[in-house]
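Residue numbering restarts at 1 for every chain, and letters A, B, ... go by the order of the sequence lines. Computed from a predicted structure; not experimentally measured.
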There are 2 protein chains.
Amino acid sequence: MMDTMTFSALAEPTRLRMVEILKDGPMSVGDIAERLALRQPQASKHLRVLLEAGLVEVEAAANRRNYRLRTEPLEAMDTWLEAYRKLWNERFDNLDDYLRQLQSEDK
Amino acid sequence: MMDTMTFSALAEPTRLRMVEILKDGPMSVGDIAERLALRQPQASKHLRVLLEAGLVEVEAAANRRNYRLRTEPLEAMDTWLEAYRKLWNERFDNLDDYLRQLQSEDK
DNA sequence: CAGGAATATTCCTGTCAAGGAATATTGTTA
DNA sequence: TAACAATATTCCTTGACAGGAATATTCCTG
């Protein structure tokens with residue numbers, strides 16, 4: 001059963017952008033805030049939500065806290081999607097069948 | 001750019017369950033409500049959100065309205081995930097490399 | 001057209017999330 | 001330890017959203 005907390009966390013545009021930025025590697029709070037034109041407190045608050053959703057982890061480095069993307073929730077999404085992929089693949093298959101049928105009628 | 005409306009719609013547990021139920025085929029409002037032990041108005045309201053998010057479509061059939069899952073938003077999620085899949089595949093690759101290394105050291 | 005079944009909408013209320021501003025905390029360095 | 005940089009937290013206000021109850025709408029059938 002898919003955890004809705006992942007969806008809640010990603011439903012907020014700023015947090016989705018955070019995830020996309022962190023795809024390229026860990027980053028400090030300040031850098032994230034600057035990159036997204038956020039005030040630092042808002043950045044911290046959003047990162048907290050991502051942290052509680054398990055979408056990021058944090059590592060203290062000197063004065064800074066580097067946030068790194070965690071892939072587990074995304075893997076879970078991927079697994080959840082698995083059951084739905086065949087729904088649109090079926091359509092392709094049907095289209096495929098249809099095209100084959102047309103082709104054989106052409107002969 | 002991934003549409004956050006999809007995530008918002010799926011962030012609500014009842015709506016997620018609706019999507020999962022509709023995976024097996026279209027269903028009327030009443031049947032959905034019964035299946036999820038919801039009152040009819042709540043079912044209609046949640047279906048409206050799913051409709052506006054493009055996650056379902058509706059077809060009138062006599063007195064009933066049958067809701068059917070639309071896969072486009074899910075396909076978009078799948079596409080969005082594509083950029084992240086390599087993140088956990090890389091790990092597997094690294095583990096794979098590591099295991100190969102161990103094995104060759106064993107020789 | 002009346003009546004009834006299925007569905008949608010409205011109104012109300014309580015809860016929760018988000019931004020702004022201020023402040024607290026933690027860690028570093030002189 | 002004092003001062004400073006980086007980050008976290010709190011308080012406040014506002015707006016969105018969910019459930020409950022009542023009602024409106026739509027469509028079919030006699």
Let's see if you get this right: which residues in residues 27-34 of chain B place a heavy atom under 4.0 Å from DNA chain C? B/Ser28, B/Val29, B/Gly30

Return the set of residues passing side-chain contact (heavy atoms from CB on, under 4.5 Å) with A/Ser28 (not counting sequence neighbours), or none when no residue passes. A/Asp31, A/Arg64, A/Asn66

For residues 1-51 of chain A, which residue pairs pass the ring pair (Phe, Tyr, Trp, His ring centres under 6.0 Å) check, not counting sequence neighbours? A/Phe7-A/Trp80, A/Phe7-B/Phe7

If the condition is side chain to side chain donor-acceptor pair (under 3.5 Å), which residues does B/Gln42 pass it with, not counting sequence neighbours? none

Sorted by number, residues from residues 59-68 of chain A placing a heavy atom under 4.0 Å from DNA chain C are A/Ala62, A/Asn63

Taking salt bridge (Lys or Arg N to Asp or Glu O under 4.0 Å) as the cut-off, I'd like each qualifying pair that reaches into residues 34-49 of chain A, sequence neighbours left out, listed once. A/Arg48-A/Glu52

Between P of D/dA8 and CD of A/Glu52, the distance in whole Å: 12 Å

B/Thr71: which residues meet the side chain to side chain donor-acceptor pair (under 3.5 Å) condition with it, sequence neighbours left out? A/Arg91, B/Glu75

Could you work out, with side chain to side chain donor-acceptor pair (under 3.5 Å) as the rule, every residue matching B/Thr4, not counting sequence neighbours? none

Pairs involving residues 4-19 of chain A, ordered by first then second residue, that meet salt bridge (Lys or Arg N to Asp or Glu O under 4.0 Å) (sequence neighbours left out): none

To the nearest angstrom, how far is B/Leu47 atom CG from C/dA6 atom P? 16 Å

With sequence neighbours left out, write down each residue that passes ring-ring contact (aromatic ring centres under 6.0 Å, His included) with A/Tyr67, or none if nothing qualifies. none

Sugar-phosphate means primed atoms, P, OP1 and OP2; the rest is base. With that split, encode nucleotides 11-17 of chain C 5' to 3' as B, S or - using protein heavy atoms under 4.0 Å. -------

Does any donor-acceptor pair link the side chain of B/Gln42 with the base of D/dA18 at a separation under 3.5 Å? no

Interatomic distance where CZ belongs to B/Arg39 and C1' belongs to C/dT7 [whole Å]: 17 Å

Who are the side chain to side chain donor-acceptor pair (under 3.5 Å) partners of B/Ser8, not counting sequence neighbours? none

Are B/Leu22 and B/Val49 joined in one hydrophobic group, where the rule is that I, L, V, M, F, W and Y side chains link up if heavy atoms are under 4.5 Å apart? no

